[in-house]
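Since the model is a prediction, treat every value here as computed from it, not as a measurement. Numbering of ligands and ligand atoms starts at 1, following listing order.
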Amino acid sequence: MKEELYTIPVNEALEQDGECLFCTLNKKLEADILNYILGPSYMEEDIRGETDKLGFCKKHYEQMYGEQNRLGVALMTSTHLKHVREELKSLLDREAAQKPAKKGLFKKADEGGSPAQEYLAGLEGSCYACNRMESRMKSYIGTFFHLWKKEPEFIEKIKNSKGFCLEHLEMLLREGKNRLSDAAYAEFLSIIAPLEMKQLDALQEDVDWFIRKFDYRFKDEPWKNSKDALPRAIQRLAAIEVED
Ligand SMILES: [Zn+2]
Ligand SMILES: [Zn+2]
């Protein structure tokens, strides 16, 4: 499958100079998806079909509920609920109609759950927004390595960036191994590794200075770079943005 190239959003996200390029991209994408879903324009039929079927994960329900547009959330919840009720009813009816198979004294180990139970298990964590973000992330990775191979200025921009959170660093190392030749991967690593370690070292210093500022002996010392060290460290470690 050919990946779409998203050079404009990737370059724009780089210019924002956040803690992690991919977290910046994800945040914008997430906001766009939720705005679209809750926005005033009528949702396209096929997307409505997807949200009816998939619903949302805990995080995205929470985010949507936190927005002002309760009507939008209610409309979508209503049709998703309808879909779930219909599916569940037919699975439960079918199960109820089945004659119980003769069981031995012990349950067979390979016996799966009931279809209704399996449906419910699949629904847990099923999320339209997460699905969209995941598939777009694949395109962003494609764009990243496309630019990395083709544009020396892009490599310069990455060198001057703050690097990546651990989750997205893992993704880059994995994808880099798959997408680059051995020599190109070695070169990639020789740029990414020092960049990342420099950022992590600085972050450690900032968090430790932040801790020190709780000590009364240091209360008149300047904050240096440590005021927002904790949210930056949490983002770097866990790919989430925490807000005050
Ligand atoms: Zn990230
Ligand atoms: Zn989600």
Going by chain and number, the hydrophobic cluster around W209 (ILVMFWY, side chain to side chain under 4.5 Å) further includes F218
Would you say the side chains of E95 and S114 form a donor-acceptor pair under 3.5 Å? yes
Rounded distance (nearest 0.5 Å) linking atom CG of D208 with atom CG of L203: 9.5 Å
I'd like to know if Y65 and L38 are part of one continuous hydrophobic network [Ile/Leu/Val/Met/Phe/Trp/Tyr, side-chain heavy atoms within less than 4.5 Å]. no
N-O pairing of K159 and E156 below 4.0 Å: yes
Given SG of C23 on one side and SG of C20 on the other, what angle do they make at the Zn ion (ligand 1), to 10°? 110°
For the Zn ion (ligand 1), give me the closest N/O/S atom belonging to H168, just the atom name. ND1
For the Zn ion (ligand 2), which protein N/O/S atoms fall under 2.8 Å? Skip waters. C57 SG, H60 ND1, C127 SG, C130 SG
Describe, in one word, how the ring planes of F154 and W148 are oriented to each other, choosing from parallel (under 30°), tilted (30 to 60°) and perpendicular (over 60°). perpendicular
Do the ring planes of Y185 and F188 sit parallel (below 30°), tilted (30 to 60°) or perpendicular (above 60°)? tilted
